[in-house]
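Reminder, nothing fancy here: chain letters follow the sequence lines and each chain counts from 1. Please read these numbers as outputs of a predicted model, since none were measured by experiment.
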2 protein chains.
Amino acid sequence: MRMVKLKDIAKELNLSVSTISRVVNNKDRVDPKTREKVLEMLKNYDYKPNEVARSLRLRDVKTIGIVIPDITNSFYASVIKGAQAVCRTNEYSMIVCNSDEDGELEEGALELLLQKQVSGLILSSVGNSFKLVQRLQGNGVPAVYIDNMPPPMHTCDSVSINNVAAAYKITNVLIEKGYKKIGIITGPIHQSTGSERLSGFKQAMANAGLELAEEWVAEGNFKIDSGLSHMRRILKMPVRPEAMVIANNYMAYGAITALREAGLKIPKDMAVVAFDAIDETGLLVPRITAINQPSYEIGRISAEIIIKKLTGSTNKKVYENIILEPELYLGSSI
Amino acid sequence: MRMVKLKDIAKELNLSVSTISRVVNNKDRVDPKTREKVLEMLKNYDYKPNEVARSLRLRDVKTIGIVIPDITNSFYASVIKGAQAVCRTNEYSMIVCNSDEDGELEEGALELLLQKQVSGLILSSVGNSFKLVQRLQGNGVPAVYIDNMPPPMHTCDSVSINNVAAAYKITNVLIEKGYKKIGIITGPIHQSTGSERLSGFKQAMANAGLELAEEWVAEGNFKIDSGLSHMRRILKMPVRPEAMVIANNYMAYGAITALREAGLKIPKDMAVVAFDAIDETGLLVPRITAINQPSYEIGRISAEIIIKKLTGSTNKKVYENIILEPELYLGSSI
DNA sequence: TAAACCAGTAATAACGATTTTACAAGTACT
DNA sequence: AGTACTTGTAAAATCGTTATTACTGGTTTA
């Protein structure tokens, strides 16, 4: 059994396709009596318009593409969930692509989305796909960067937190507690999240007049293993830091594991602060003090920006750079 | 700047659209010299076919739809990731829909996917959307159920674990350790996961000749709160179970929280076993003994079944019901 | 009463691709 | 030399919609 189409309904009622279409789309210029008849028949056959044909004709697929590094990271999952909620109420759907933290795969995903003619794009970039994004934008596709910002940020929309300020803030929490020997495991330096969090950390240290020990500054890759290995390495040093800032949740898991391996207690032997909701179970002891990004909101606002640009009369060339306020969660890890 | 299309290239080279199309699709019957010229021009303009038009003509959108209750649940996120990997290598994309555990929203999502003409469907159903799924199948769209099975399972493909056997097994782990007074917090009884896990539990109890105390059998809803409140209630009873089976990860978080509130230790005061990877951080103490579903595999195999049916010559009316072996993780919670 | 207008409908032309058919010129075969 | 086949290309049909234009009666207007 094939799907019933306008033509079938038209034939059944001896009407033209265009009339049926006008009924479906609730346009005027159709006799109330005819409309009645058509509506009944549509219901009989349970007619559902073919969105592919519709998209082609209207040149709009009503679909937002999202490319993120890892969907199993609850931060990104939550971003997606937020964007979804907005999409649903606006009858948009979402094509979700995992880049697996791989720049090539990210570009592949973007090309796919380009070909699929997505109406809008949400992107957390791990590579340098900026040119592709510009092409999308050139075709009238609004693009919102989240998490990692592209080099020339002012030519894109974005929704993020102020990573420099956030890192500054959480480092200061340590400093105010009296910690002086502080290290950091940050993210890849070529990603804005990595470099900005490092930068905020350094500013806080400098501002407090604290010496920054370069051997306690490690560049991780935002994955568990890198938190584990960097912390293991640091723990072997003749002089250890008293506290560590860890630039994301996964690396924190690894770092904490390294501390436990070494039989060290948090915060007695070393204090730990981090980024992202470390523990969605709420069961981890001690609770880790962390900068908590409003992930759901990031997704929600991103989708709203896109839909506003698509449906509203706002100028597409005017870009919004939304900075959200992260939440500081105070645990007992310091 | 609009997107360049076949017609533009054709005009530029004084050729017909069909010739360009044949070059793009690597069909024969085109002069090598012409092909050369065309290829160069395609590269010049960086031509990318419009997938919407293509999909309409070919009647295939090369897209798999997936509807799951909650993308922030790492189980489902992992399913998606597995399916994605397969989709990527086969140049399919995925439309992801959250049902938020709501039957109505689930149906809405399915209708959307139907209209979008998705090529295949992966579904974890929380309601009774079976009729809609049948309609999809009637249109030649392979549908794979995961997690929760529909009532007449033999008319659909499915990938799951044997929930009865798994519950039986993990209950037996408790029994072999010598626990006799055992309770359970299961999922909604109208969902197969809920009822089957309860059923396996009951079989294990009966088989061991243990008495089943009905007041220790609670029907939860797979969310944190329900684990919390049911466990609180059970802890207030005059006679407490010595061990509890919890039917999923979220309810386990709640149940463990209730135990901690009451100052009870696992497993000394009460043993706990559960379903799903309780702790992705690997930091929870004690580690919870649990049935671990191969979520990534479930996604991967689901997508493979769909793509095989779409591209292969397999009969679409022959359904596969894949039962995967879950992993038993032995923690120190018993 | 003829021109102008209107409501209701059908016919037609898009949207951007692929596939089928048609056709022209060149080559092979009898 | 005339037919048949081959090769390369163009033209047309198609996918299922929506939007524009054209047409048909009937009603209003000058």
- Task: Check whether any side-chain nitrogen or oxygen of A/Arg29 sits under 4.0 Å from OP1 or OP2 of C/dT9, and answer yes or no.
- Result: no

- B/Thr19, nearest nucleotide to its side chain (from D/dG8, D/dA10, C/dT18): D/dA10

- Message: Please classify the nucleic acid contact of A/Lys27 as base, sugar-phosphate, or nothing, using heavy-atom distances under 4.0 Å.
- Response: sugar-phosphate

- Considering only D/dT18, C/dT19, C/dT9, which nucleotide approaches the side chain of A/Ser21 most closely? D/dT18

- Message: Please report the distance, rounded to the nearest Å, between CD1 in B/Ile9 and P in C/dT18.
- Response: 13 Å

- Query: Reckon B/Lys5 has a side-chain N or O less than 4.0 Å from the OP1 or OP2 of C/dG16?
  - Reply: yes

- Given DNA chain C, 5'-ward residue of the pair B/Leu56 and A/Thr34, judged by closest heavy atom: A/Thr34

- For A/Ser55, which contact category applies under a 4.0 Å heavy-atom criterion: base, sugar-phosphate, or nothing? nothing

- Message: Classify A/Asn14 by what it touches in the nucleic acid, base, sugar-phosphate, or nothing, heavy-atom distance under 4.0 Å.
- Response: sugar-phosphate

- Note on the structure: Rounded to whole Å, CZ of A/Arg22 lies from C1' of D/dT21 at a distance of 12 Å

- Quick one: A/Asp8 CG to D/dG16 P, roughly how many Å, whole number? 9 Å

- Item | Quiz item: A/Arg57 side-chain donor-acceptor pair to D/dT17 base, under 3.5 Å | no

- Can you figure out which of D/dT9, C/dT18, C/dG16 approaches the side chain of B/Val17 most closely? C/dT18

- Query: With side chains defined as the heavy atoms from C-beta onward, is the minimum distance between B/Asn98 and B/Tyr76 less than 4.5 Å?
  - Reply: no

- Message: Rounding to an integer number of Å, can you tell me how far B/Asp28 CG sits from D/dT7 P?
- Response: 9 Å

- Given salt bridge (charged side-chain N to carboxylate O under 4.0 Å, His left out), test B/Arg88 with A/Asp100 step by step and report yes or no. CA-CA 11 Å; B/Arg88 180 158 54 221; A/Asp100 286 355; 3.0 Å; yes

- Query: Any donor-acceptor pair under 3.5 Å joining the side chain of A/Ser18 to the base of C/dA11?
  - Reply: yes

- Message: Taking any heavy-atom pair under 4.0 Å as a contact, classify A/Leu58: base, sugar-phosphate, or nothing.
- Response: sugar-phosphate

- Between B/Ser93 and A/Lys116, a side-chain donor and acceptor under 3.5 Å: yes

- Specify the residue among B/Asp31 and B/Ala53 whose closest nucleotide of DNA chain D lies further upstream toward the 5′ end. B/Asp31

- Item | For B/Ser129, the option from B/Glu107, B/Glu106, B/Glu111 that meets side chain to side chain donor-acceptor pair (under 3.5 Å) | B/Glu106

- Atom CD of B/Glu51 and atom P of C/dC15: how far apart are they, to the nearest Å? 19 Å

- Between A/Lys43 and A/Glu40, does at least one N-O distance fall below 4.0 Å, as a salt bridge requires? no

- Show your reasoning for whether salt bridge (charged side-chain N to carboxylate O under 4.0 Å, His left out) applies to B/Glu51 and B/Arg54. CA-CA 5 Å; B/Glu51 278 299 324; B/Arg54 212 147 188 251; 3.4 Å; yes

- Message: OP1 or OP2 of D/dT14 versus the side-chain N and O atoms of B/Arg59: is any pair under 4.0 Å?
- Response: no

- Item | Nearest-nucleotide pick for B/Asn25, side chain only, options being D/dT18, C/dG8, C/dT18 | C/dT18

- Task: Report yes if at least one side-chain N or O of A/Tyr47 is closer than 4.0 Å to OP1 or OP2 of D/dT17; otherwise report no.
- Result: yes

- Note on the structure: Separation of C/dG16 atom C1' from B/Asn50 atom CG, nearest Å, is 6 Å

- Taking CZ from B/Arg35 and P from D/dT7, how many angstroms apart are they, rounded to a whole number? 14 Å

- Query: For B/Lys11 and C/dG16, what is the distance between atoms NZ and P respectively, to the nearest whole Å?
  - Reply: 12 Å

